[in-house]
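Everything below concerns the one structure shown next.
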Amino acid sequence: MGKITIVGLGPGGEEHLTIAIYEAMKKHNNIYLRTEKHPVVSYLKQEGINFKTFDYAYNKYEDFQEVYEHIASSVLEEAKKGDILYAVPGHPYVAESTVQLIVEGCKREGIERVVYPAMSFVDAMFMALEIDPVDGFQLIDGLQLDKQKPDPNIDNIITQVYDPFIASEIKLKLMNHYDDEQEIYVVKAAGVPNLQKIVKIPLFELDRLDWIDYLTTIFIKKVENCEKKYYNMNNLVQIMERLRSKEGCPWDIKQTHQSLKPYLIEESNEVLEAIDEEDDSSLEEELGDVLLQVIFHSQIAKERGAFQIEDVIRGICEKLIFRHPHVFGGQSADTVEDVAKIWAEQKMKEKHMKNK
């Protein structure tokens, strides 16, 4: 059984290649690159470092997950025959799915591994944009935007913008969270001398850039409340906090759980009316009014030190998961009757646990 050495090639400049990684690659005789499409590769060739690549896999498989799984399994199989050095663009532990799969495989199969860190594209991008990330940011895989939702309340970095076609898909998904005119930075080859390119454009122009390639990343600054077109739950909570603050609204500040009771009933009845009238526009508005009541009561409870909206959300999430073991657990339910039986059983268990 051999050892797997995993190294990062940095953002692309030869000056970003660490001495430790350079020496490890010079000494190794079985080197695989995830891809040859990286600016530093020409320097590796110049230095006489020989390697093989997995670029063929990108044409062989239909989606990126299959490519990554093939690369990981190939590296693990190669390690069973002897030592192997596997090199990836950037930092091995930053947005590099193959490394995660290989590390998991090493743990599973008892294969020795060593990982050499490197400068990541994130480091290079903050440097290129002259931004200090101390206020927080979200790193999102552009191919996973259905699962990884951007939060407009903080800075967002979107990776894996491989080509204009993918950029078009990313643009459409980002428009679910940002205004079409939202300013974004498109950064190519961050930190790489003579290749770095940065433009600031409105979101709707993203897929009009014909130079987008595998070195491209998108940066979107956090959006202030007054500039937002789309809001989320955090924004609603912040607005309510402001309304209840000393600088807020006298009427909102004066309200209590008791004084709000008629409004909860009134708003709930208006939801029922909208449903009966099959009026989607009214239903959307009235559901918002009911949601406001939930946020309002949670804010008052927070001020009393009783609970806050996060506790309300956690509680209902835990309840839904617990009462659906046929979805989130190992039980099965084929009919509505099965579900009703499981629901009642789970409810009894909850009652028993609360009475302990």
Side-chain angles (χ1 to χ4, degrees), residues 134-138 148-156 174-182 220-324 328 343 346-347 349-356:
V134 68
D135 291 330
F137 68 95
Q138 188 176 14
Q148 302 175 14
K149 310 292 184 187
D151 181 356
N153 297 304
I154 60 173
D155 295 345
N156 280 275
L174 287 176
M175 283 178 171
N176 292 325
H177 305 273
Y178 294 98
D179 188 276
D180 300 359
E181 301 277 350
Q182 173 65 42
I220 310 176
K221 287 187 70 63
K222 71 175 182 180
V223 182
E224 300 300 331
N225 273 342
C226 58
E227 300 172 345
K228 281 186 174 67
K229 181 178 181 181
Y230 300 101
Y231 294 88
N232 59 26
M233 183 68 86
N234 290 336
N235 301 133
L236 181 55
V237 171
Q238 290 167 357
I239 291 169
M240 179 50 67
E241 286 178 345
R242 177 72 184 277
L243 290 172
R244 292 275 299 179
S245 70
K246 290 179 181 177
E247 298 78 26
C249 168
W251 186 88
D252 289 284
I253 294 170
K254 192 177 177 182
Q255 300 310 306
T256 65
H257 291 303
Q258 286 296 328
S259 70
L260 288 173
K261 283 170 64 176
Y263 301 105
L264 182 56
I265 295 171
E266 180 183 331
E267 303 300 355
S268 299
N269 284 331
E270 288 176 355
V271 169
L272 298 178
E273 287 177 17
I275 293 173
D276 290 341
E277 293 171 2
E278 298 183 353
D279 185 338
D280 286 338
S281 177
S282 294
L283 180 58
E284 177 186 335
E285 180 180 346
E286 300 306 335
L287 285 174
D289 290 341
V290 170
L291 179 59
L292 171 61
Q293 292 300 309
V294 175
I295 299 297
F296 212 146
H297 282 281
S298 298
Q299 177 61 29
I300 295 172
K302 180 182 177 182
E303 293 164 8
R304 293 189 295 107
F307 60 85
Q308 53 191 9
I309 186 62
E310 288 80 4
D311 300 312
V312 175
I313 294 172
R314 176 185 48 77
I316 190 60
C317 286
E318 289 178 351
K319 182 184 287 185
L320 286 173
I321 293 169
F322 185 77
R323 291 191 184 181
H324 291 82
F328 301 104
W343 184 274
Q346 296 299 96
K347 200 170 177 180
K349 288 180 184 176
E350 281 177 2
K351 193 173 181 181
H352 179 69
M353 287 188 287
K354 285 180 181 175
N355 292 333
K356 270 188 175 180

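Just so it is clear, the model here is predicted, and its values are computed rather than measured.
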Original post:
Can you tell me how far the CZ atom of Arg244 sits from the CE atom of Met240, to the nearest 0.5 Å?
Top reply: 8.0 Å
Subject >> Heavy-atom pair of closest approach, residues Pro152 and Asn232 >> reply: CD-ND2, 4.0 Å
**OP:** Examine distances only and state if a side-chain atom of Glu286 and a backbone atom of Leu272 form a donor-acceptor pair shorter than 3.5 Å.
**Re:** no
Subject >> Polar side-chain atom of Asn156 near backbone of Asp151 as donor-acceptor pair, under 3.5 Å >> reply: yes
Original post:
By side chain to side chain donor-acceptor pair (under 3.5 Å), which residues pair with Asn269, not counting sequence neighbours?
Top reply: none
**OP:** Could you please spell out the steps behind the side chain to side chain donor-acceptor pair (under 3.5 Å) verdict for Asn235 and Asn153?
**Re:** CA-CA 8 Å; Asn235 301 133; Asn153 297 304; 2.6 Å; yes
Show me the donor-acceptor pairs within less than 3.5 Å that the side chains of residues 247-256 make with the rest of the protein, sequence neighbours left out.
unit_1, atom_1, unit_2, atom_2, d
Gln255, OE1, Ser259, OG, 2.8
Gln255, NE2, Trp251, O, 3.0
Thr256, OG1, Gln258, N, 3.3
Thr256, OG1, Ser259, N, 3.0
Thr256, OG1, Ser259, OG, 3.4

Subject >> All salt bridge (Lys or Arg N to Asp or Glu O under 4.0 Å) counterparts of Asp289, not counting sequence neighbours >> reply: none
Subject >> Contact check, side chains of Leu283 and Val271, non-hydrogen atoms, under 4.5 Å >> reply: yes
**OP:** Could you walk me through whether Trp343 and His324 pass side-chain contact (heavy atoms from CB on, under 4.5 Å), step by step?
**Re:** CA-CA 7 Å; Trp343 184 274; His324 291 82; 3.5 Å; yes
Subject >> Rounded distance (nearest 0.5 Å) linking atom CZ of Phe322 with atom CE of Met353 >> reply: 3.5 Å
Original post:
Between Leu174 and Ile220, is any pair of side-chain heavy atoms under 4.5 Å apart?
Top reply: yes
**OP:** Report yes if some heavy atom in the side chain of Asp311 is under 4.5 Å from a heavy atom in the side chain of Gln308; otherwise report no.
**Re:** yes
Subject >> Ser268: side chain to side chain donor-acceptor pair (under 3.5 Å) partners, not counting sequence neighbours >> reply: none
Original post:
Is any NZ, NE, NH1 or NH2 atom of the basic residue among Lys302 and Glu241 found under 4.0 Å from an Asp or Glu carboxylate oxygen of the other?
Top reply: yes
Less than 3.5 Å apart, which donor and acceptor atoms pair up between the side chains of residues 292-299 and the rest of the protein, not counting sequence neighbours?
unit_1, atom_1, unit_2, atom_2, d
His297, ND1, His257, ND1, 2.9
Ser298, OG, Val294, O, 2.8
Gln299, NE2, Glu303, OE2, 3.0

**OP:** Applying side chain to side chain donor-acceptor pair (under 3.5 Å), name anything that partners Gln346, two or more places apart in sequence or on another chain.
**Re:** Lys349
**OP:** Indicate yes or no: at least one non-hydrogen side-chain atom of Leu236 is less than 4.5 angstrom from one of Leu291.
**Re:** yes
Subject >> Minimum heavy-atom distance Ser282-Asp279, with the two atoms named >> reply: OG-OD2, 2.9 Å
**OP:** Considering non-hydrogen atoms only, spot the tightest contact between Gln182 and Lys221 and give its length.
**Re:** NE2-O, 4.2 Å
**OP:** Hey, could you give me the CD/CG distance between Glu267 and Leu260, rounded to the nearest 0.5 Å?
**Re:** 10.5 Å
**OP:** Enter the distance from Phe307:CZ to Ile309:CD1 here, rounded to the nearest 0.5 Å.
**Re:** 8.5 Å
Subject >> Ion pair Glu318/Arg314, N-O distance below 4.0 Å >> reply: yes
Original post:
salt bridge (charged side-chain N to carboxylate O under 4.0 Å, His left out) between Lys319 and Glu350: does it pass, once the steps are laid out?
Top reply: CA-CA 9 Å; Lys319 182 184 287 185; Glu350 281 177 2; 5.5 Å; no
Original post:
Which heavy atom in Ile321 sits nearest to a heavy atom in Phe328, and how many Å separate them?
Top reply: CA-CD1, 3.6 Å
